[in-house]
Amino acid sequence: MLTLGILASGRGSNFQSIIDSIASGFLKANIAVLITDNPNAYAIERARKHNIDSLVLKPRDFTNKDTYYAHIARELKERGVELVVLAGFMRVIGKALIDQYKNKIMNIHPALLPSFPGLHGQKQAVDYGVRISGCTVHFVDEGMDTGPVIIQAAVPAYHDDTEETLSERILKQEHKIFPYAIRLYEEGRIYVEGRKVFIKGDRQDSFLINPSCPFF
Ligand code: GRF
């Protein structure tokens, strides 16, 4: 059983999709803790409903970024967390945490990276006028949404989309591919060589939409 630690800053719908995937048996994992930087995050309420421990850790209560992320790393290690899942954690992760969990931190981003990194990926896509957008699950390095890509799902983007309509379309896919990526990890099927993530037992060039994913 894989032990997960979740970091989230807001509403936590991706966190919920992971909770639901565990409840349905799709994931054989347990969630040891939710850590948030935002005392008002709705994710805390979701944790409470599911008897998951939560911790509010605010960066301003720490002397610097290093001490903040070293503290988070300690909290995760103490609880036996094996994979750290960033489910809408709106910060660039510090080295103190990355070093402790190299290629063991996953993030979901609402755009097809490397397009539109950072905040408001969906609005960036709408403003740019792309025809296709989507979401990306990737391992986290010290950059902003720059780590190796694990899987991506594509959705159409329309010129009459607003940030909200495109976000909604992308979010549906986020809720599918994030649990799926965690499941691949849990099955020990993911390995990383440089920038490339390979998935054992699958075609290694077709993760735009993965035909072997039970959801597609
Ligand atoms: C999602 O769009 C995710 O891709 C991005 O932040 C948002 C979090 O949404 N990283 P939620 O809190 O999971 O509902």
Side-chain angles (χ1 to χ4, degrees), residues 4-23 26-27 29 31 33-50 52 54-57 72 83-94 97-98 105-128 130 132-157 161-182 207-209 213 215:
L4 306 175
I6 310 286
L7 270 60
S9 301
R11 111 197 116 173
S13 71
N14 278 287
F15 173 36
Q16 187 69 49
S17 78
I18 295 163
I19 293 172
D20 295 345
S21 299
I22 292 173
F26 181 73
L27 288 177
I31 301 174
V33 66
L34 164 75
I35 297 179
T36 180
D37 56 346
N38 171 14
N40 300 316
Y42 186 66
I44 298 171
E45 179 61 18
R46 298 184 195 268
R48 199 192 53 72
K49 278 191 195 145
H50 295 276
I52 296 166
S54 61
L55 284 178
V56 179
L57 297 173
I72 291 182
L83 180 69
V84 182
V85 177
L86 308 186
F89 188 68
M90 304 314 243
R91 290 176 186 278
V92 176
I93 302 294
L97 177 54
I98 310 254
I105 307 174
M106 280 185 188
N107 181 45
I108 180 109
H109 182 74
L112 293 176
L113 291 172
S115 292
F116 314 130
L119 292 177
H120 302 291
Q122 306 96 326
K123 178 166 189 317
Q124 293 182 56
V126 167
D127 291 349
Y128 199 93
V130 294
I132 296 175
S133 190
C135 47
T136 304
V137 181
H138 64 94
F139 284 118
V140 173
D141 62 14
E142 282 175 70
M144 164 103 79
D145 302 321
T146 51
V149 169
I150 304 168
I151 42 176
Q152 297 183 301
V155 303
D161 265 327
T162 59
E163 181 178 6
E164 289 69 34
T165 58
L166 182 60
S167 298
E168 198 181 318
R169 198 173 308 121
I170 291 173
L171 194 64
K172 285 200 184 107
Q173 299 303 317
E174 294 186 32
H175 295 162
K176 295 176 183 177
I177 67 169
F178 212 6
Y180 183 61
I182 295 168
F207 289 93
L208 180 67
I209 286 179
C213 173
F215 286 119

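Whatever order the structure lists them in is the order used to number ligands and atoms, beginning at 1.
For atom 7 (C) of ligand 1, the closest heavy atom belonging to the protein is G88 CA, 4.3 Å. The nearest protein atom to atom 10 (N) of ligand 1, hydrogens excluded, is given as I108 O, 2.9 Å; this is a heavy-atom distance. R11 NH2, 3.3 Å is the protein heavy atom nearest to atom 9 (O) of ligand 1. Looking only at protein heavy atoms, the nearest one to atom 4 (O) of ligand 1 is E174 OE1, 2.8 Å.
In terms of heavy atoms, L34 sits closest to A43 at CD2-O, 3.5 Å. Nearest heavy-atom pair, H138 versus I150, reported as atom, atom and distance to 0.1 Å: C-CD1, 3.8 Å.
When only interatomic distances are considered, the shortest N/O to N/O separation between G10 and ligand 1 does not fall below 3.5 Å. Every N/O-N/O distance between M90 and ligand 1 stays at or above 3.5 Å.
A donor-acceptor contact shorter than 3.5 Å links the side chain of Q152 to the backbone of L113.
Under a 4.0 Å heavy-atom criterion, G12 is in contact with ligand 1.
Proximity of I6 to I35: side-chain heavy atoms (C-beta onward) are nowhere separated by under 4.5 Å. Under the 4.5 Å side-chain criterion, counting only non-hydrogen atoms from C-beta, H50 is in contact with Q16.
A side-chain N or O of D141 and one of T146 form a donor-acceptor pair less than 3.5 Å apart.
Numbered from 1 in the order shown, with element, the atoms of ligand 1 that lie under 4.0 Å from a heavy atom of S13 read 11 (P), 12 (O), 13 (O), 14 (O). Atom numbering of ligand 1 starts at 1 in the shown order; those under 4.0 Å from a heavy atom of P110 are 2 (O), 4 (O), 5 (C).
Within a 6.0 Å sphere centred on CD of E142, heavy atoms belonging to other residues, nucleotides or ligands number more than 12.
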